[in-house]
There are 2 protein chains.
Amino acid sequence: MAAKAKSKDSTTEERIRVAARKLFTRHGYDAVKTRDIAAESGINLALLNYYFKSKEKLFEKIMQENMKEFMQGISGIVNDEQTNLESKIKRLVEYYLDMLMSNPDMPLFVLSHAKKKGSKLNFRETFAQSHFMKQIQEAVKEGKIAPINPLNLMLNIVGLSIFPFIGRHIFQNEKGITEDAFIALMAERKKMIPGWIDAILRKK
Amino acid sequence: MAAKAKSKDSTTEERIRVAARKLFTRHGYDAVKTRDIAAESGINLALLNYYFKSKEKLFEKIMQENMKEFMQGISGIVNDEQTNLESKIKRLVEYYLDMLMSNPDMPLFVLSHAKKKGSKLNFRETFAQSHFMKQIQEAVKEGKIAPINPLNLMLNIVGLSIFPFIGRHIFQNEKGITEDAFIALMAERKKMIPGWIDAILRKK
DNA sequence: ATTCAATTTAATCAAATGTTTAAAACAAAA
DNA sequence: TTTTGTTTTAAACATTTGATTAAATTGAAT
């Protein structure tokens, strides 16, 4: 029974998928070979084609998963009619910081592959029809916040949240900060970014 | 004479270097094949090895060039003792926006490869000993700006400047904004970012 | 136990890839 | 014109790569 439960938790297909996700997310499509994935998942090379038909098909699957995870929580937040603008901004920042703390390679992967057909990722579209966008426009009209191009606001929220993960290797190395310091820095930013965005919005 | 002048402007080595820079910057190391570079530069495949010894050596050369360009103007700006804090921020933003408008693929390349040995890119180090850093610390001490971790300030300046280029494919596509709109958006940000940073620094 | 389907294995295949080789072509100097 | 050095060319090489194949093994149903 224990053996059966273990088998259920780790099917061959699942092991391949997990290994592929790890490698593709970190290194991208071309740098990762089918033999790398086979080794990482502890399977025979031919099983990759047996279960996923081709390297490319496997990659597309991983790409969809990553894009979905990157976007998944956003819709709920930006379309929630029970929260105000300030709260939405805070939740967006928290969503990204939490997600990326557990998967720091994700944004670089997502942004590197956003141009591929099939990626189906459109920030602008997601925000354009949202309740969040309405709230911004109303606040500008009521003079509660400084006029700002909604796309710029979106870029600022996402950029301030994501950029440190994308760029972490340019300051996290032997001459830079440690892994622990990076984690502390991100925790600090998680708290500070909503305030920074607020300052930008209230700029005179 | 005209033929001689032309030959001087376009040596085989130079043509290979230019083609390689274009392709590597856009697509990265593994996705670009030696035959791609040969085709792009209009040379015989073996010349790549004749002039640069190996694909890897050529890539390292391109990587150094790109890293250098990415960092080159910064030192001058952050160590200039004749300009104040506000002016330095403005010039940093302008430096990046101008550079990246003419080479939008650069940041993704630089950040993707920052972890490779030989990349010799360290933001934190560049800023840590700078006059800019001193100015920040003094301004905080004098209560002129809100206390802020200098690394966070640096990340905010660079992130707000660079992120739209890194992320442009997630909002610049058939369902998103046009190339012209992107250029206009960047021109707008070039003007707005210094003010946003200022608002962040003066946040109460 | 037998049969059939599903999964796994190891070898093979065809094409791609970075590199090397040797000869041809070119350029410069004597 | 000849010699020497440099550059270019096309073919070949050795290895890598994604994919296929056929047989063996395993698992499920009868």
Side-chain angles (χ1 to χ4, degrees), chain A residues 1-65 109 112-113 116-118, chain B residues 1-64 109 113 116-118:
Chain A
M1 192 61 164
K4 181 80 186 274
K6 174 163 183 154
S7 166
K8 186 179 178 183
D9 288 343
S10 298
T11 63
T12 300
E13 182 174 337
E14 178 71 5
R15 281 159 54 207
I16 298 174
R17 196 189 61 73
V18 167
R21 191 170 181 191
K22 175 183 171 184
L23 295 176
F24 281 144
T25 302
R26 178 65 198 86
H27 303 290
Y29 181 76
D30 293 292
V32 176
K33 314 304 177 187
T34 52
R35 285 166 176 81
D36 298 330
I37 297 170
E40 178 73 27
S41 45
I43 55 119
N44 179 284
L45 178 60
L47 292 183
L48 195 147
N49 296 80
Y50 179 78
Y51 283 102
F52 295 96
K53 200 169 178 181
S54 71
K55 177 190 177 187
E56 187 172 359
K57 284 287 195 295
L58 174 59
F59 179 75
E60 282 172 13
K61 187 178 180 67
I62 300 303
M63 188 170 67
Q64 298 299 345
E65 289 181 11
F109 175 90
S112 297
H113 296 86
K116 283 185 187 288
K117 57 177 174 102
Chain B
M1 190 61 163
K4 180 80 185 269
K6 174 164 183 148
S7 166
K8 186 178 176 183
D9 289 343
S10 298
T11 62
T12 300
E13 183 174 339
E14 178 71 5
R15 281 159 53 207
I16 299 174
R17 197 191 57 75
V18 167
R21 191 170 183 191
K22 175 183 172 184
L23 295 176
F24 280 144
T25 302
R26 179 64 198 89
H27 303 289
Y29 181 76
D30 293 292
V32 176
K33 314 305 175 185
T34 51
R35 285 166 176 81
D36 298 330
I37 298 170
E40 178 72 27
S41 43
I43 56 115
N44 180 284
L45 178 60
L47 293 181
L48 195 147
N49 296 80
Y50 177 79
Y51 284 101
F52 295 96
K53 198 170 179 180
S54 71
K55 177 190 176 184
E56 187 172 0
K57 284 288 195 299
L58 174 59
F59 179 75
E60 281 172 15
K61 188 177 179 68
I62 300 301
M63 187 171 66
Q64 299 298 345
F109 175 90
H113 296 86
K116 283 185 185 289
K117 57 179 175 101

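Sequence lines set the chain letters: A, B, ... in the order given, protein chains first and strands last, and positions in each chain run from 1.
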Enquirer: Output the rounded distance in Å from CD1 (A/Ile16) to C1' (D/dG18).
Expert: 14 Å
Enquirer: D/dT16 C1' sits how many Å from A/Arg35 CZ, rounded?
Expert: 7 Å
Enquirer: Rounded off to whole Å, could you give me the CD-to-P distance for the B/Glu13 and D/dT7 pair?
Expert: 9 Å
Enquirer: To the side chain of B/Tyr50, which of D/dT6, D/dT20, C/dT8 is closest?
Expert: D/dT6
Enquirer: Please state how far atom CD in A/Glu56 lies from atom P in D/dA19, giving the value in whole angstrom units.
Expert: 8 Å
Enquirer: Which residues pass the ring pair (Phe, Tyr, Trp, His ring centres under 6.0 Å) test with A/Phe52, sequence neighbours left out?
Expert: none
Enquirer: Considering only NZ, NE, NH1 and NH2 on the basic side and carboxylate oxygens on the acidic side, decide whether B/Glu14 and B/Arg17 come within less than 4.0 Å.
Expert: yes
Enquirer: Applying side-chain hydrogen bond (donor to acceptor under 3.5 Å, both in side chains) as the test, list every pair that has at least one member in residues 19-44 of chain B; sequence neighbours left out.
Expert: B/Arg21-B/Asn66, B/Arg21-B/Glu69, B/Lys22-B/Glu40, B/Thr25-B/Asn66
Enquirer: What contact category does A/Tyr51 fall into here, base, sugar-phosphate, or nothing, at under 4.0 angstrom with non-hydrogen atoms?
Expert: sugar-phosphate
Enquirer: The side chain of B/Lys55 lies closest to which of these nucleotides: C/dT19, D/dA19, C/dT9?
Expert: C/dT19
Enquirer: Rounded to whole Å, please give me the gap between CD1 in A/Ile37 and P in D/dA19.
Expert: 10 Å
Enquirer: Estimate the overall bend of the helix from C/dA1-D/dT30 to C/dA30-D/dT1 from the end axes over five pairs each, rounded to 10 degrees.
Expert: 0°
Enquirer: Side chain of A/Leu47 only, please: which of C/dT8, D/dA19, C/dG18 is the nearest?
Expert: C/dT8
Enquirer: Figure out the CG/P separation between A/Leu45 and D/dA19, and round it to whole Å.
Expert: 10 Å
Enquirer: Rounded to whole angstroms, how far apart are CG on B/Asn49 and C1' on D/dT9?
Expert: 14 Å
Enquirer: Nearest to the side chain of B/Lys33, which nucleotide is it out of C/dT20, C/dG18, D/dT8?
Expert: C/dG18
Enquirer: Considering every strand and a 4.0 Å limit on heavy-atom distances, what is the contact class for A/Ile43: base, sugar-phosphate, or nothing?
Expert: nothing
Enquirer: When we call it a touch if two heavy atoms are under 4.0 Å apart, what does A/Leu48 touch: a base, just sugar-phosphate, or nothing?
Expert: nothing
Enquirer: Between P on D/dT20 and NZ on A/Lys57, what's the gap in Å once rounded to a whole number?
Expert: 11 Å
